[in-house]
Amino acid sequence: MKPLILASSSPRRKELLQQVGFQFSIRTSETDERLEPDWTPQDAVLHLSQKKAEAVFLKHSDAVVVGADTIVVIDDVILGKPSSRQSAKRMLTQLSGTNHQVLTGVTIISDTNKISFFTQTDVYMYDLTEQDIDQYIDSGEPFDKAGSYGIQGLGATLVKEIKGDYYSVMGLPIAETARRLQPFSIYPKL
């Protein structure tokens with residue numbers, strides 16, 4: 001059986017793979033995450049997940065590599081990770097009282113096979129007061145997260161409802177990923 005490599009330093013993706021019993025190592029590479037202006041959100045997550053997986057696979061061609069990317073989209077505009085307190089506040093204000101989509105793209109690659117897919121989850125946010133937003137930003141949690149929030153932490157208090165895969169919002173649709181790994185002969189160790 002080939003080794004499994006996660007091409008991500010995301011603690012959430014690591015936690016999800018561990019939670020269901022996968023044995024894997026982590027390898028990352030510096031990849032350019034700039035988006036082309038003509039890409040749809042779906043194109044963006046698929047392209048970025050492929051880029052991450054392929055970069056690691058080039059150095060570990062004897063393995064099965066999983067790459068993933070998550071974006072937040074509101075009104076067809078992609079919200080990335082905030083670069084400052086002001087950008088986090090701007091994003092959270094924009095998301096307040098609305099629904100938006102979280103898309104996670106996943107690419108799995110080996111020397112004999114490559115598949116890519118994405119999931120989309122609708123997320124509905126509470127109406128957030130300025131105090132809600134400032135307290136959340138003060139926690140430091142928004143700064144490494146697309147859309148400036150993480151559903152698995154304190155950001156859960158901002159979310160009213162989701163329709164779709166909770167784990168995809170965390171960064172990896174773990175059930176579908178596990179099923180997509182089966183043709184690569186990769187299974188969790190129970």
Side-chain angles (χ1 to χ4, degrees), residues 6-20 26 28 30-37 39-49 51-52 66-106 117-177:
L6 174 62
S8 173
S9 60
S10 163
R12 291 154 298 278
R13 292 186 183 115
K14 175 184 174 186
E15 174 188 332
L16 289 171
L17 283 172
Q18 288 174 331
Q19 177 181 313
V20 296
I26 295 174
T28 59
E30 296 299 317
T31 54
D32 181 3
E33 293 192 29
R34 283 181 292 180
L35 304 176
E36 295 296 325
W39 285 350
T40 65
Q42 296 83 359
D43 291 338
V45 293
L46 289 173
H47 180 80
L48 292 173
S49 73
K51 207 169 181 182
K52 292 174 182 181
V66 175
D69 193 75
T70 300
I71 60 172
V72 171
V73 179
I74 185 165
D75 299 326
D76 290 323
V77 175
I78 298 171
L79 302 182
K81 295 176 184 176
S83 58
S84 66
R85 182 181 182 87
Q86 293 75 21
S87 67
K89 189 166 191 165
R90 189 171 42 256
M91 285 184 213
L92 291 166
T93 300
Q94 189 176 2
L95 295 174
S96 173
T98 67
N99 74 298
H100 61 276
Q101 293 71 47
V102 176
L103 283 74
T104 295
V106 179
F117 66 94
F118 75 91
T119 60
Q120 178 174 314
T121 302
D122 292 318
V123 179
Y124 299 80
M125 296 289 250
Y126 281 106
D127 288 319
L128 306 176
T129 65
E130 189 167 346
Q131 182 180 359
D132 293 333
I133 292 170
D134 286 337
Q135 286 178 336
Y136 184 60
I137 292 171
D138 288 345
S139 76
E141 191 175 275
F143 295 105
D144 68 339
K145 303 193 176 46
S148 298
Y149 76 95
I151 198 168
Q152 71 286 348
L154 184 59
T157 64
L158 311 176
V159 175
K160 183 176 185 179
E161 177 182 359
I162 71 165
K163 291 189 178 168
D165 187 337
Y166 170 83
Y167 297 108
S168 183
V169 180
M170 276 184 69
L172 189 67
I174 192 62
E176 185 167 358
T177 300

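Every value quoted in this text rests on a predicted model; they were computed, and no experiment measured them.
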**OP:** Output the distance between atom OG1 (Thr40) and atom CG (Asp43), rounded to the nearest 0.5 Å.
**Re:** 3.0 Å
Original post:
Do Gln120 and Asp122 have side chains that get closer than 4.5 Å, going by heavy atoms?
Top reply: yes
Original post:
Between atom CE of Met125 and atom OG1 of Thr98, what is the distance when rounded to the nearest 0.5 Å?
Top reply: 7.5 Å
Subject >> Partner set under salt bridge (charged side-chain N to carboxylate O under 4.0 Å, His left out) for Arg90, not counting sequence neighbours >> reply: none
Subject >> Residues Val72, Val123; criterion side-chain contact (heavy atoms from CB on, under 4.5 Å); working and verdict >> reply: CA-CA 10 Å; Val72 171; Val123 179; over 6 Å; no
Original post:
Got Arg12 and Lys145 here, is their nearest side-chain heavy-atom distance under 4.5 Å?
Top reply: yes
Subject >> Validation row: Thr177, Leu16 side chains within 4.5 angstrom (heavy atoms) >> reply: no
**OP:** Check Ser49 against Ala68 and note the closest heavy-atom contact, atom names and distance.
**Re:** CB-CA, 3.9 Å
**OP:** With side-chain contact (heavy atoms from CB on, under 4.5 Å) as the test, would you mind laying out the steps for Val159 and Val169 before giving the verdict?
**Re:** CA-CA 11 Å; Val159 175; Val169 180; over 6 Å; no
**OP:** Report, as yes or no, whether the 6.0 Å neighbourhood of atom CD on Glu130 holds more than 12 heavy atoms from other residues, nucleotides or ligands.
**Re:** no
Subject >> Between Gln131 and Thr129, a side-chain donor and acceptor under 3.5 Å >> reply: no
Subject >> Which atom of Pro142 lies closest to which atom of Ser148, heavy atoms considered >> reply: CB-O, 3.0 Å
**OP:** Nearest 0.5 Å please: distance from the CG atom of Asp132 over to the OG1 atom of Thr93.
**Re:** 10.5 Å
Original post:
Under 4.5 Å between any side-chain heavy atoms of Gln19 and Ile174, yes or no?
Top reply: no
Original post:
Which word best sums up how the rings of Tyr149 and His100 line up, parallel for under 30°, tilted for 30 to 60°, or perpendicular for over 60°?
Top reply: perpendicular
Original post:
Considering all heavy atoms of both residues, which atom of Ala44 and which atom of Ile71 are nearest to each other, and what is their separation?
Top reply: CB-CD1, 4.4 Å
Original post:
Which residue, Val102, Thr121, Val45, Leu48, forms the side-chain contact (heavy atoms from CB on, under 4.5 Å) with Thr70?
Top reply: Val102
Report all side-chain donor-acceptor pairs from residues 73-84 shorter than 3.5 Å, counting only partners two or more places apart or in another chain.
unit_1: Ser84; atom_1: OG; unit_2: Gln86; atom_2: N; d: 3.4
unit_1: Ser84; atom_1: OG; unit_2: Gln86; atom_2: OE1; d: 3.4
unit_1: Ser84; atom_1: OG; unit_2: Ser87; atom_2: N; d: 3.1

Original post:
Where do Leu154 and Ser139 come nearest, in terms of heavy atoms and distance?
Top reply: CD2-CB, 3.7 Å
Subject >> Leu128 side chain reached by Tyr136 side chain, heavy atoms, under 4.5 Å >> reply: no
Subject >> Asp69 with Arg13: basic N within carboxylate O range, under 4.0 Å >> reply: no
Original post:
Can you tell me how far the CD1 atom of Ile133 sits from the NZ atom of Lys89, to the nearest 0.5 Å?
Top reply: 7.0 Å
**OP:** Scan for side chain to side chain donor-acceptor pair (under 3.5 Å) pairs involving residues 150-175, sequence neighbours excluded, and state none if there are none.
**Re:** Thr104-Ser168, Thr119-Ser168
Original post:
Around atom NZ of Lys51, are there more than 12 heavy atoms of other residues, nucleotides or ligands at under 6.0 Å?
Top reply: yes
